[in-house]
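Structure first, then comments.
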Amino acid sequence: MRIVMMGTGTFAEPTFEALIAAGEQVVGLVTQPDKDVGRRSGTSRQTGKGMAAIASAHGIPVAQPQSINTPEGLAELKAFAPDLVVVAAYGQILKPEVIAAPPLGMINVHASLLPKYRGAAPVAYAIWKGETETGVTIIRITPGLDSGEMLAQASMAILPTETAGELEGRLAPLGAKLCLDVVQRMKSGPVSGTKQDATLVTKAPKLTKAMGAIDWSKSAEEIGRQVRALQPFPTAYTYFHRPGKDAMRIVIRRVHQHLIGVHGIPIHSAPGTMMSPLIVPQDGPYLGIAQVPGLFVATGTNALRVDELQPAGKKSMTAEEFLRGYPIGEGYRFGPES
RNA sequence: CGCGGCGUGGAGCAGUCCGGUCAGCUCGCCAGGCUCAUAACCUGGAGGUCAUAGGUUCAAAUCCUAUCGCCGCAA
């Protein structure tokens, strides 16, 4: 059975490698064109690099059409003469003609418990929405977005402090195992699937930069989930305001939730107010006692402790380091740009 | 030739617009002291060609030019 792999991100890599390692006949890889990203000769951030590297390491030919949906792109796929195409995190929506190209169709590794979280960013949404469990589903690809029959599914608990990047890292091997299993079953005949329950469908659309803006009036829990969901991309951010200084954009990398008052923080601080136990505004009642160093920010509910952040033009740093360089004073706050 | 920020002792920053009194701050490190004890406190100490190379000037971290490196945004 001639198999073509279609995938781009790191999520696809374990599946690709599993197929190769299992001795399946992987005859080609279709991946996104290499993009030079960044300033001059991009130091980092390239997409498609990893997959292409794996392919060349195993002597597997690679196709990188600008769009798979053009006649040219489709021709490149057909040139591999695949019986089956395995898709994982490819990044382009496939047209019916493309899906129909291989005789056995296409299957997709999707990082959610379908029918929940159909779309481009299922892992991030699962965290953002506060799910405690997610998983991987192998589906048959149909013209609808992630709406095909489910061929296999496995679940996994979401850890309380896990970021989307970390969770995806754990889901990828699970997906690889499931996918390989389905592929091997397909070799011995048609595999039946179950339909997705249309009433349970939820969407996980592509993430945008704008989604990273933190609204400090929301609950600490919600902001915490947002930060984890948008890590490592597109990242949650806010602006650092100091009296008499220009606002500074800051990416919030990691936070920790705290009950308000427990660490000597006054109850009535406006959302976004920055506090440190060393310099606590002298107002409002205190409930707490513990001296825990750190950078605390008032939210709509509790205080949130920021553990790791990255000011514009700087590298990521711990809150401790940040506070040495930018000791908190009165009127310091996080908030929207202006 | 897309836009922008940054490079100051081991870490994070201030100082740069308005050149000289600027090499500073918060930590870390080393030694000593205090303490039952500590990431607490006190005293003392080591450590920097202020990214690099030129230029302007009596004088440059600070102004000009070029180079290297790091980062963010936009695609």
Side-chain angles (χ1 to χ4, degrees), chain A residues 8-9 31-49 52 64-70 73 89-93 120-121 124 163-165 205-215 226-227 229-256 258 262-265 274-281 286 288-297 305-338:
Chain A
T8 299
T31 192
Q32 301 271 23
D34 290 343
K35 289 179 192 167
D36 272 332
V37 181
R39 296 131 301 238
R40 286 162 207 170
S41 54
T43 20
S44 60
R45 295 208 308 188
Q46 290 207 328
T47 28
K49 253 325 198 207
Q64 297 182 301
Q66 200 62 45
S67 167
I68 189 68
N69 292 317
T70 60
Y90 179 59
Q92 290 185 24
I93 291 177
T163 65
K206 211 167 173 174
L207 297 171
T208 65
K209 292 276 179 193
M211 292 175 180
I214 295 174
D215 176 357
Q226 178 184 15
V227 169
L230 302 184
Q231 191 65 227
F233 178 87
T235 68
Y237 64 89
T238 190
Y239 287 85
F240 177 35
H241 297 278
R242 290 172 288 174
K245 297 272 192 178
D246 288 341
M248 181 187 278
R249 188 180 194 274
I250 292 195
V251 170
I252 305 297
R253 297 266 174 206
R254 207 171 64 243
V255 298
H256 191 275
H258 272 270
V262 174
H263 296 279
I265 286 171
M274 297 168 70
M275 298 165 285
S276 166
L278 301 175
I279 308 169
V280 176
Y286 297 81
I289 23 92
Q291 269 292 83
V292 176
L295 170 58
F296 295 85
V297 183
R305 191 181 80 208
V306 176
D307 291 334
E308 195 177 333
L309 63 173
Q310 178 172 21
K314 300 290 185 183
K315 290 178 181 172
S316 191
M317 63 181 76
T318 63
E320 201 183 349
E321 289 172 323
F322 178 80
L323 288 172
R324 278 188 208 118
Y326 302 95
I328 296 174
E330 279 295 329
Y332 282 28
R333 64 186 178 84
F334 278 155
E337 186 161 11
S338 54

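Residue numbers begin at 1 in each chain, while the letters A, B, ... track the order of the sequences. Because only heavy atoms are used, hydrogens play no part in the values below, and waters and symmetry mates are left out as well, while side chains stay in.
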Just the rounded figure in Å: distance from [atom2] of [N] to [atom1] of [X].
X        : N     : atom1 : atom2 : answer
A:Phe240 : B:C13 : CZ    : P     : 11 Å
A:Ile328 : B:C13 : CD1   : P     : 15 Å
A:Met248 : B:G72 : CE    : C1'   : 12 Å
A:Glu321 : B:C13 : CD    : C1'   : 11 Å
A:Phe233 : B:A75 : CZ    : C1'   : 12 Å
A:Phe322 : B:C6  : CZ    : C1'   : 15 Å
A:Tyr239 : B:C73 : OH    : P     : 10 Å
A:Leu309 : B:G12 : CG    : C1'   : 11 Å

Nearest-Å distance once atom [atom1] is located in both [N] and [M]:
N     : M     : atom1 : answer
B:U67 : B:A75 : C1'   : 27 Å
B:C13 : B:C6  : C1'   : 12 Å
B:G48 : B:G15 : C1'   : 15 Å
B:A14 : B:A39 : C1'   : 26 Å
B:U16 : B:U8  : C1'   : 11 Å
B:A46 : B:C30 : P     : 16 Å
B:G9  : B:G24 : C1'   : 12 Å
B:G45 : B:C50 : C1'   : 22 Å

For A:Glu320 and for A:Arg242, find the nucleotide of RNA chain B with the closest heavy atom, then tell me which residue's nucleotide is more 5'.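 That would be A:Arg242.
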Name the residue closer to the 5' end of RNA chain B, choosing between A:Gly313 and A:Met317 according to the nucleotide with the nearest heavy atom.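 Nearest nucleotide further toward 5': that of A:Gly313.
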Below the 4.0 Å mark, does B:C13 have OP1 or OP2 next to a side-chain nitrogen or oxygen of A:Lys314? yes
Compare side-chain N and O positions of A:Lys209 against OP1 and OP2 of B:C73 and report whether any pair is under 4.0 Å apart.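 Answer yes for this pair, as a side-chain N or O of A:Lys209 is under 4.0 Å from OP1 or OP2.
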Is there a donor-acceptor contact under 3.5 Å from the side chain of [X] to the main chain of [Y]?
X        : Y        : answer
A:Thr235 : A:Pro232 : no
A:His241 : A:Pro336 : yes
A:Gln64  : A:Ala52  : no

Heavy-atom count check: over 12 atoms from other residues, nucleotides or ligands less than 6.0 Å from A:Gln92 CD?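 Atom CD in A:Gln92 is packed in, count exceeds 12.
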Between A:Arg254 and A:Glu308, is the closest basic N to carboxylate O distance under 4.0 Å?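 Result for this pair is yes, salt bridge flagged.
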So do A:Leu207 and A:Leu230 actually touch side chain to side chain, heavy atoms under 4.5 Å? yes
Look at the side chain of A:Arg324 and decide which nucleotide, out of B:C27, B:G72, B:C70, has an atom nearest to it.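 For A:Arg324, the side-chain atoms sit closest to B:C27.
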Mind checking the OG1-CZ spacing from A:Thr238 to A:Arg333? Nearest 0.5 Å is all I need. 9.0 Å
Counting the benzene-type ring for Trp, do A:Tyr237 and A:Phe334 have ring centres under 6.0 Å apart? no
Under a cut-off of 3.5 Å for both distances of each Watson-Crick or G-U pair, what dot-bracket string does RNA chain B give, using [ ] for crossing pairs and | for inter-strand pairs? .(((((((.[[[[.)....(...]]]].(((((.......))))).....[[[[[..)....]]]]]))))))..
Identify whether any heavy atom of A:Gln310 sits under 4.0 Å from a base atom; if not, whether one sits that close to sugar-phosphate; answer base, sugar-phosphate or nothing.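 Sugar-phosphate only.
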